[in-house]
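Have a look at the structure below before the remarks.
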Amino acid sequence: MAAAALRPAILRRIRLSPSPAAAAAAGAAAASQPHALARWLARPMSSHDAHLTRDEVVDRLLDVLKCHPKVDPSKVSPEAHFEKDLGLDSLDTVEVVMAIEEEFKLEIPDQEADKIDSLPLAIEYVANHPMAA
C-alpha cells in the first residue's frame, strides 16, 4: 500500500517535458532541488558539441603510443602498424588499446579491440565514437 501512495509523489517530481521551453523550466526547477535523479534528468544528454576533432584524436593517440615503454617514439606516425612498424606483440597491443580507452574515457568492446592493430584503425574508431572525450 505504501508503494501505491509513493508512486504518484515520485511521478509529480519527475516529469519529462516535450517542449524546449518546458524542458528549460523543468531544468531550472530540478537544479533548485537537491535530488540527484532530478539533476541527472535535467542535464544535457548530447555530447555532440564537445566531440573531438580528428586532429585532436590523432595528436592524443600519437602521444599515447610515444609514451608506451616498448615503443620507439621516433617510429610513431599516423600510419604506423603496431606489430609491423612498432614491433609490438599481441599483449603490447592489448596494453595500447587499454591506454587508448583510458585516454579517451571509452570502453572498447573486445570484438572491436581485437580489430585495432594500427594507428589508422585506432584513429578511425576514436574519431567516430560519439562518447570520446
Side-chain angles (χ1 to χ4, degrees):
M1 247 207 265
L6 187 59
R7 186 174 187 272
I10 292 172
L11 290 176
R12 275 194 302 273
R13 291 218 182 255
I14 302 173
R15 295 249 185 244
L16 298 177
S17 305
S19 70
S32 66
Q33 297 175 2
H35 303 290
L37 180 60
R39 285 193 309 270
W40 182 81
L41 288 172
R43 72 176 169 73
M45 297 301 242
S46 174
S47 65
H48 179 69
D49 296 336
H51 197 7
L52 298 170
T53 66
R54 189 170 192 83
D55 289 337
E56 290 172 324
V57 171
V58 171
D59 290 342
R60 287 173 60 186
L61 282 171
L62 290 173
D63 288 341
V64 167
L65 275 168
K66 288 177 182 178
C67 291
H68 193 278
K70 294 186 180 176
V71 172
D72 178 3
S74 66
K75 293 183 179 180
V76 176
S77 73
E79 297 81 31
H81 188 277
F82 297 158
E83 184 180 341
K84 296 174 187 170
D85 300 326
L86 303 177
L88 301 177
D89 61 22
S90 59
L91 182 58
D92 296 329
T93 300
V94 170
E95 290 175 358
V96 166
V97 171
M98 289 173 60
I100 292 169
E101 288 177 323
E102 187 174 325
E103 173 69 23
F104 292 95
K105 296 173 181 38
L106 297 173
E107 187 173 328
I108 302 173
D110 290 341
Q111 297 89 353
E112 297 297 319
D114 291 342
K115 297 175 188 175
I116 299 174
D117 62 356
S118 65
L119 257 166
L121 291 174
I123 291 167
E124 190 68 25
Y125 184 87
V126 175
N128 290 326
H129 199 286
M131 299 303 290

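Positions are given from 1 along the sequence.
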F104 side chain reached by L52 side chain, heavy atoms, under 4.5 Å: yes

Smallest separation among heavy atoms of L62 and S77, with atom names: CD2-C, 3.7 Å

Interatomic spacing from CD1 in I108 to CD1 in I116 - rounded to 0.5 Å: 4.5 Å

Spacing of S118 atom OG and E83 atom CD [to the nearest 0.5 Å]: 11.5 Å

Point-to-point distance, once rounded to the nearest 0.5 Å, from CG of D92 to NE2 of H68: 5.0 Å

Residue pair D117 / H81, side-chain heavy-atom distance below 4.5 Å: yes

E56, CD: over 12 other non-hydrogen atoms inside 6.0 angstrom: yes

Steps toward side-chain contact (heavy atoms from CB on, under 4.5 Å) verdict (L88, K70): CA-CA 7 Å; L88 301 177; K70 294 186 180 176; 4.1 Å; yes

For the student: nearest non-hydrogen atoms of L119 and P78, plus distance: CB-O, 3.5 Å

pair V71-F82: side-chain heavy atoms closer than 4.5 Å: no

ILVMFWY network linking V58 to I100, side-chain heavy atoms under 4.5 angstrom: yes

Residue pair S74 / D72, side-chain donor-acceptor N/O under 3.5 Å: yes

Flag side-chain contact, heavy atom, 4.5 Å: D85 against K75: no

From L61 atom CG to E103 atom CD, the distance as rounded to the nearest 0.5 Å: 8.0 Å

Joint hydrophobic cluster, L106 plus V97, side-chain heavy atoms closer than 4.5 Å: yes

Contact summary for Y125 and E107, nearest pair of heavy atoms: OH-O, 4.5 Å

